[in-house]
Structure formats: C-alpha cells, structure tokens
Amino acid sequence: MEQIKNAKVTVVNATTDLVTVSVEGDIVSVDLETSGLDWQRNEVLLISIADSSQTSIVLDVSSVNPHELRAWLHRNLFGRLIVGHNLSFDLKFLTRVYDFDLRSCAYYDTMLAEIVLFAGLDYGNSLKEIVARRIGLELDKTIRADFTAFGRTLTMTDTHYRYASLDALTTLAVRELQLVDLRTNELEQIAELEMRLLPVVVEMELGGVPFDWQRFETFVSVLHEKRTLAERLMQEALQPAALRIAEHQSRHTPQLFVVPQTININSKPVCKDGVWNYRQLWPVLQQYGIEIVDKDGNPSLSAKDMQRWDAAHTVDAAIPPEAEALLQSYRQYRNPLLNLYAYTIAIHKLDDSFGKTLREMYHNGRLYPWFKQLGAKSTGRFSSNLQQLPKDEKIKPLGLPSLRQCIAAEPDHSLVIADFAGIELVILADMSGDEVLGDLIVRSARGEEDIHLYVVRQAFGDLHPEAKNATLDKKKVAPYSLLRNAAKPTSYGIAYGITGMALSETISQQLAPLGVTCTPEQAQQIIDNWKQKAFRKAGAWLDKTAQQGQRLGYVRTALGRKRMFDLRNADRKALSAIGREASNAPIQGTCADMLKLAMVYVAKDLDPARARLILTVHDELVLHATNDYAQEASMILKQSMEKAARKCMPRMGQYVVVEPAISSCYDK
DNA sequence: CGATCACGG
DNA sequence: ACGCCGTGATCG
C-alpha cells in the first residue's frame, strides 16, 4: 500500500519525452482517462501505464504528437501482457484512436477475474470497491469529474497525473491477489477462457453489426402508420365507455362529446393529446364487462391474465369495421376488443423499445450494441442490448416488415448464422448421465423421434385421452401439435425448477384451444412423472444439484465455472430460490462456457480480413464474411462450435451437430 | 428506484 | 413463496 502511494510517476507532456521514456518487463497495466464513456465520440486525455517495478508513466496526450504517440504505444505494448480494470473500455479507445493491434497482446482484466471469483454474490466490482475490499485503500474518484466536465480544455495538474497513475498501479497489485484466489478456487481455466475471449469481444464491439438503414426506415414508417391507426380505432371503439366514465367523473363535460383529446380516469390521463396511456384502460374495459384480474384478484391487463379471462368469457363489444382488416392476421384473443387492445400494446412496445434505441445505436451503416461478457450475478452468459430483437413470428402478425432483416450483409458479403439446437436439455443429459434422455435427444436429432412428443406420451395421459397416441408422424396435427407445444415448456420449466402451480398455468394456456385445463395437482403429477419415471437420472441430478447449492454454497459448470450463493441468513424462501438457481446454473453456465470456447476457436481460425464475429446470443453465433469466403467461414464456425461441445460434454458432445446457415440477412 | 410490462435465450 | 438468465421502457 505504501509502495503504491510512493510510486515513482513519470509524466510525459512533451513529444521529446517519448524518446527517453519506456516500459519495462512483460507485464504492464494500462488505464485511460477519457472525456466520457462513449468510445466512439469521446476523447482520450491521459494514458497511464505501470509496470511491475512500481513505476508509472502518465502520457498527457494533448501535449504530444499523436503519430509519435501511436508509434510509442506500439513499441511499448507489443507482445506484452496487458493488465487493466474493465479493459474492454480502454482497448476500444486505444484501437479507435491509435490503431492499437488487439491481436498483438495477451490480457488480464481484474474486473472479469473478480466476477469469476465471486459470481452470484452481491459484491461490487468497480476498482474502487475491489481495492477497498482487498487492499484497504480508499480510491478517491471525485477528481474524475474534471475529465468529463472539461475534456480537452482541462488544465492538467499533478493531482490529475497522480490520480491517473494510481489506478494502473493498484490493478497490478489486485492481480497478484486474485491469482492466488483463482488457483485455490480452481478457477484458473475459466479465468483464462474469459481473458482470451476479451479481445474477441472488443473486436466484435468495434466492428459493429451491418444494418440496412433504408429497410429500418420502412419498418419505422409502417410501425408509426399502424400505431396511429390502432390508436384511432381504439379511441373509436372505447369512446362510448370512456365518455360514460368521464361523465361520471364530471357532470359538466359537454366538450367531451366532440372527439376527446384528454380523458381522465381517477385523475390520471388515459388519452392525452391523442396518445393512449394503455396501462390505465382497465376501468374503460370494465365498462364493457371486461374485468380481468390477476391471481390475487387485482386488476390486471397482462397477456397471461387476459388470455385466461378470454378463454372463459365472451362479451358483446363491437370494434370499428376498419379494425377487422388491421387485425386479420393477429388473433391472440377471441374477444375482438381485447384483440385490438393487445395489438395496440404490442405496437406501442415495439415503438418504445426499438424505434428509439436502434436509432441511437446506429452509426455509419452499422449498429453498435454493447456486449458484457460477464454480469455481476451471472452464470457466465453474455448480456447485450441487442439480444431481445423480436423474431419475425412475433412481428409479422402485426402487419409489420421484418426487423431482423434490417441486420443485413454489406455488398459482396453474407451472414453466417449457427446455433446449438435445444442445448439445455443436451447439457442436462450429459451432466446427469441420463441415458434415456440422451438417447432420445440423439434420435430426435436424427429425425427418428421427438423428445417433446415422448414427454406427451409419458406424462400427459391424465390431461388428454389422445396423449398416448402422440407419435412422430402426427407431430403437426391437432391435438398432438398442441400437446407438444405444452410439453416443450414443461421440459424446460422442470430444468428451471418450476412448481406445479406455475406449470399448470402454462399448460392451461397452451391447451386452452382444446378446452383442457390443467390443475396444479395434475401439473405436479407431470413434474413427478418427468423427474421420477421418464428421466430418473436427470431428475435425481437436478435435486442433487439443488441440494449442493444449498449445502456447499456453490455449484460448478462443465469447465469449472463457479456460481456462488450467500447462505447466511437464508430463510426457507431464500433457500428454495437457491435450490432453483443452483440446479439451473450448471446448465446455463455450461452453455455459456461452450459458446465462449467456440468464439475463441472461431476467432483464432477465421481469416480476419475476410470474416468476423458480429453477434452472440446465448446459444447462437453470427459471422459477417465476404461471399468468396462464406462457405469456408461456415465450416470453421461449425467445427469450432462442435469442438467446443465435445470439450464441454464428455458424453453428449460427440452427438452435437451444428448446421450453419448462409444468408443475406439475420433471418433463418 | 423497485415493480411490472414487453422482448430474447 | 412458488421459473433460470438477461435487455429496455414506464409508472408510482
């Protein structure tokens, strides 16, 4: 600690200094001070570099020649191990501003390491928190505000230089402590995977996602057209009821007999300046006899509660004839008014969620989403702000053009898209050693059997007399298709620790068209059948893993990634939550291990001049490749993913077959 | 800022 | 108390 505070700091604020100053040793830590968090728009102000001899160099970039600085950085960083906290941030700036060669170095990120070490626990992962926890040093971050407030016009003082040097010096010390912990926790392999993945993720973020703006503009204009239309029709359909309420609220509202611009219910605006506040519509719908409540009896307009209500009630409410045309391919509900309402909500959500965010993400022909390779509480999966893009099946019934097709290959390029099919059940079969489940998956992949129909035959007998006859040839005909759709969430739900109560809701929803309702007792029976009869080993493994989490306080994935649980003060409720999380974490986490391993493989084997990774979505990878290379790139992708599967699954890995698709856009 | 609503896996 | 992991937007 004293060593850090007394470290020698060399400030470089003249181009001539670059000749005399250089970095020593194989391991250096790097930390940037920038004018903001946006790597595309903000500037680099200071570059702080420390080495293991506890000396530190601070480069004041505005006072040195940028070309000289670029050459200096290349000379001094090339081939070294670069240490930093949240290095992704620094590397994006260095690459954008100084053409830093990402592939020329190895990396160690103290933030990633700390998350790997404490995954699942509610620990802070900022450098300030880590340093306070591990070294007992309070880093004063208040001066950072100077950089963002003044940017290039800031007059640098010794205080600024010393502040900049401190982060770089402390990360080196933090790394030393973490290396010991990684070893004792047997997390070295997983940490190495994350560190090797880091530059791959940075390249992906830097490159962006090719995006057809023209197509997106069309999408947005149709979206707005439908939104306006839906709102107008909604207003027409609901006006009589709204007026009755408005009259009731205020006896003197003659102006409301013209088309109302503002309607208040319980002093909250339902329709203001022609814009519907659709969450406040419950009292209006109530006027039509539509009184939807959740399971506690409270007013609700969520899809789940609406569906349940709709299945049991009919109501005599007309919608404008024009609305029939709008809703012709959108048939969520029997009740036309609910259907129009649901349509309006769906359009609103799409506009809110994507109209604006995709626009902000767009820059010069590409989208620039962010990717976090680890979240603080994570099982190992990526998170990103571009992994909830609606699929065409959701969008087409609304009468909108595809949104996914806006992600389109650039001229002379193609997208290569590949995913692991049904991988969670494969992992469950592998980890539990369940031969029945494993055999079923292998035969399903060959097209000889269907795992979900098998579940229907084995566990749905009580619900439907035809369940026993659900064979492969009847996969697409009613009632077998519907039963199959109900079995799908059953298997996944069980892997996530679903209860009879929740499963009965899901199954009832799926089987509503058959007039079948599933009681919580029947659903519990299905779960018991699944776990104790159909797939005994998988069921036992899930229970055993839940207990391991509850007793040991952690579980591990195939590659040894740990997910930890805080057992202190865990009451019954918390403990059962730990059980569900613990049985799921190895499955979800192994999937993440596999995909990350595949990303490292594919980045190593692809020709970077002709192909690159653009997206990763849990069990899916997408490449952008030149047309003359797309075929070869798809083979590399296939082999990388299959190799990763074999590495993570000793039993089932050999049966995993990946079939990449080559397409002009993100749409399989 | 947490809860609730969508969307993805 | 009752399904795992995320994202964004809205509301009180």
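Numbers restart at 1 for each chain; the letters A, B, ... are given by sequence-line order, proteins then strands.
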Below 4.0 Å: OP1/OP2 of [N] and any side-chain N or O of [X]:
| X | N | value |
| --- | --- | --- |
| A/Arg580 | C/dC4 | yes |
| A/Lys349 | C/dT10 | no |
| A/Arg563 | C/dC5 | yes |
| A/Thr379 | C/dC4 | no |
| A/Lys394 | B/dA6 | no |

Mind calculating the distance between [atom1] ([X]) and [atom2] ([N]) to the nearest angstrom?
| X | N | atom1 | atom2 | answer |
| --- | --- | --- | --- | --- |
| A/Leu595 | C/dC5 | CG | P | 19 Å |
| A/Phe371 | B/dG9 | CZ | P | 14 Å |
| A/Arg359 | C/dA9 | CZ | P | 14 Å |
| A/Arg404 | B/dC7 | CZ | P | 13 Å |
| A/Leu350 | B/dC5 | CG | P | 18 Å |
| A/Arg572 | C/dA1 | CZ | P | 10 Å |
| A/Asn584 | C/dG6 | CG | P | 10 Å |
| A/Met306 | B/dC5 | CE | C1' | 12 Å |

Item to check | Check against side-chain hydrogen bond (donor to acceptor under 3.5 Å, both in side chains), A/His618 and A/Gln588 | outcome: CA-CA 9 Å; A/His618 307 313; A/Gln588 201 181 103; over 6 Å; no
With a non-hydrogen cut-off below 4.0 angstrom, is [X] in contact with a base, only sugar-phosphate, or nothing?
| X | result |
| --- | --- |
| A/Ala495 | nothing |
| A/Gln588 | base |
| A/Ser583 | nothing |
| A/Gly493 | base |
| A/Phe354 | nothing |

Item to check | Pairwise P distance, C/dG3 and B/dC1 [rounded to whole Å] | outcome: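 Roughly 29 Å separates the two P atoms.
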Checklist entry - If we take the P atom in both B/dC5 and C/dC2, what is their distance in whole Å? => result 13 Å
Checklist entry - Short question: side chain of A/Glu114, backbone of A/Asn125 - any donor-acceptor pair under 3.5 Å? => result no
Checklist entry - Is a side-chain donor or acceptor of A/Ser508 paired with a backbone partner of A/Cys518 at a separation under 3.5 angstrom? => result yes
Among [options], which is the nearest nucleotide to the side chain of [X]?
| X | options | result |
| --- | --- | --- |
| A/Lys356 | C/dA9, C/dG3, C/dA1 | C/dA9 |
| A/Trp370 | B/dA6, C/dG3, C/dG8 | C/dG8 |
| A/Asn385 | B/dA6, C/dG3, C/dG8 | C/dG8 |
| A/Asp352 | C/dA1, C/dT10, C/dC2 | C/dT10 |

Checklist entry - What orientation do A/Phe219 and A/Phe216 show, parallel under 30°, tilted 30 to 60°, or perpendicular over 60°? => result parallel
Checklist entry - Hey, what's the ring geometry for A/Tyr454 with A/Phe535, parallel, tilted or perpendicular (30° and 60° as the breaks)? => result tilted
Checklist entry - Just checking, any donor-acceptor pair under 3.5 angstrom between side chains of A/Asp528 and A/Gln524? => result yes
